[in-house]
Amino acid sequence: MAFVTIKKKTLIITLSVILAVVAIAATAATVAAATRTDNGITIVIDAGHGGADGGVTGVATGTKESDINLSISKYLMKYFQKAGYNVVLTRSDSGAVCGGMRYDKREDMKARKAVVEANAPDLVISVHCNSFPVASVNGAQVFFAAGANEGANFATAVQGYFNDVLNQKPKSAMVGDYYILNCSQYPSILCECGFLSNAGDESLLIGASYQEKVAYTVFSAVDSVFDAQKANGTPID
Ligand SMILES: [Zn+2]
């Protein structure tokens, strides 16, 4: 009964395919449910640099800023997602955002802007590390766009947490003329998480535990601002 056997095989294959499709759909639904944001707040996390553009480098170890930025961004994503935020990363690997074989800074920045605009976020957090010719300069500092009230509000909160939690000489949040802050209408902050030109900051920033601490500090500050907005009845969108 070769014919029946073939038909049976065909049936089994067809059923297997259907089951596989159902299983994949169920898995996708589970993943979507697990990562679905429940608080309705979207955050774009922008790990600065990437690809051919490594940013600044550590004075002692030569560690690239782009790698540290990515690592902190991923910790940030973890904390925000856990708290029910919808998180979008401009890049999730070491490559440039613009992709392609040839790196172009302008194209890369435009690609970041496109991610921001496509997601209409409630906040953009750009993650960077700083560098300065004077090696003793250290500490984390937060920037916002000129005239951006909401950005200033978030930046001031994060700076306050940095000053308290990172045990550093207090700094103030400042206006910064950065593309990522100016490229959209959405509230945006840029966190310089420390100076890679300072050996002390560098030794901290290259370690996972400090990266996680910085991320948790930024998350806590931002979360407190959204909580306050909710308590005040401020519309989030
Ligand atoms: Zn940078």
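Remember, it's a predicted structure, so these values are computed and weren't measured experimentally. Whatever order the structure lists ligands and atoms in, that order sets their numbers, starting from 1.
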In His128, what N, O or S atom is nearest to the Zn ion (ligand 1), if we give its atom name?
ND1
Is the Zn ion (ligand 1) less than 2.8 Å from an N/O/S atom of Cys129, whether that atom is in the backbone or a side chain?
no
Hey, is CG on Asn232 packed in by over 12 heavy atoms from elsewhere, all under 6.0 Å?
yes
Quick one: name the residues clustered hydrophobically with Phe132, using the 4.5 Å side-chain heavy-atom rule over I, L, V, M, F, W, Y, and just say none if it's on its own.
Val134, Val137, Phe195
So do Tyr85 and Phe226 actually touch side chain to side chain, heavy atoms under 4.5 Å?
yes
Decide, counting backbone as well as side-chain atoms, whether Glu65 has an N, O or S atom less than 2.8 Å from the Zn ion (ligand 1).
yes
Please verify the inter-ring angle class for Phe143 with Tyr178; under 30° counts as parallel, over 60° as perpendicular, anything in between as tilted.
perpendicular
